[in-house]
Amino acid sequence: METLKVLAVFVLPLLGLHGTLGHGPFAGHKVIRVIPHSVPEVKLLQNLLSEEQHLDVWRAPSSVNNSVDIRLSPFEYDDVTNYLLEQDMSVKIMIENVQQIIDEQKAYRNIRESKANEFDYTKYHRLDDIYDWMQNITNVYKDRATLFNVTKSYEGREMVGIKISTQPQNADRPAFWIEGGIHAREWISPATVIYMAGQMLDRYKIDTDVTEMVDSFDWYILPVTNPDGYEYTFVDDRTRMWRKTRSKQGICRGVDPNRNWDLEWCKEGASKDPCSDTYCGPKAFSEVEVKGVADFLSKIENLKGFIDFHSYSQLWMSPWGYTKKRPEDFKLQDEGSAMAVDALEKVYGTKYEHGTISDIIYVASGSSADWVYGKLGAKFAYGVELRDTGKYGFLLPDDQIIPSGKETLQALIALAKYVLNN
Ligand SMILES: [Zn+2]
């Protein structure tokens, strides 16, 4: 995969393509969408992608009528699309030129850099900026917010979160954990979590819904759960699509931190190939980041709520991921999802689907929500896929951060109320 990308950078100018496609590692790369309309077509796509491991899958095949998104270089494009057309499948181009979107967004961030005295919620930030913001905001709201340290990442970065607690005298108050950025390239996830944490602090005692929600729980908020991977996506354009951690795994790097949890670890929907984007790791909890979060969560008394934010697809999902079987609390959990997505839709009309992970995307074992529910018994454990539905995919523009934050905050307010009463 790495060699292929490097090759693309040097070969493109020789082919004289750079004039039309622009410079950069993703020049001329397209994201295509294929919708399988039958079980054999789902299988066909699954086979294709397991044989062509180098392809960058943005949305993996799951079930009939669920779309599959794949990024293709100019070298891969003809082969893959011709193959699919021969199989009578139709191919739609979702993104015409990945590099162009990356370039546009970089230009936007550069313009805004000058007025970045205060933390700017309208753009994506590097880890240092995020940690500065956390330091500042917990200083401003000393009475209700503190920083907590989870552990150090593989490359030695601190994993820092914000704890919001307004009722420390109430020993029975339940706890709610929110995390973002477990998958490196899903930038809208940390950004949305940061926005919501900011609102929970800024709007406390100003907005009654926010106040009630903040008072109801001890909130643990970890915006960047995979700091090494996250920082790696900022190194240059070539690394922008990184998903995993950065630990050394033979000739490849990284483990999928959402396939590394110790419940039905590395069964269906996880790969044993260290070079795969869904590599489950050499053992459960092999990743210090995942183990660190799991240990921290285990020590929280009365943990009732948990959300792991991802992108993209607009889905609010409950366990199980590892099996199609529904857990005994399914009705209760899914009703919570329904409350959340209804409240979310009211803000801008953004539509989310809800259901179990295995039902609405695919069977995936070793995920965070499964472990938190199955091992810690926290009933309301969710995995959420934020905006969008594929127009930009992982390259969601900065101008959608605030809208995503606003609507997701309403979902969280509704869910918190529901969790408290159940
Ligand atoms: Zn993800």
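All ligand and atom numbering here is 1-based and tracks the order in the structure.
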Parallel, tilted or perpendicular: which fits the ring planes of Y352 and W316, with parallel below 30° and perpendicular above 60°?
tilted

Which single N/O/S atom of H183 lies at minimum distance from the Zn ion (ligand 1)?
ND1

Closest N/O/S atom of H310 to the Zn ion (ligand 1), by atom name?
ND1

E158 and K152 ion-paired at < 4.0 Å
yes

Can we call the ring centroids of H125 and F119 under 6.0 Å apart?
yes

Scan R173, K304, R144 and name whichever one has a salt bridge (charged side-chain N to carboxylate O under 4.0 Å, His left out) with D218.
R173

Do you see an N/O/S atom of E186, backbone or side chain, under 2.8 Å from the Zn ion (ligand 1)?
yes

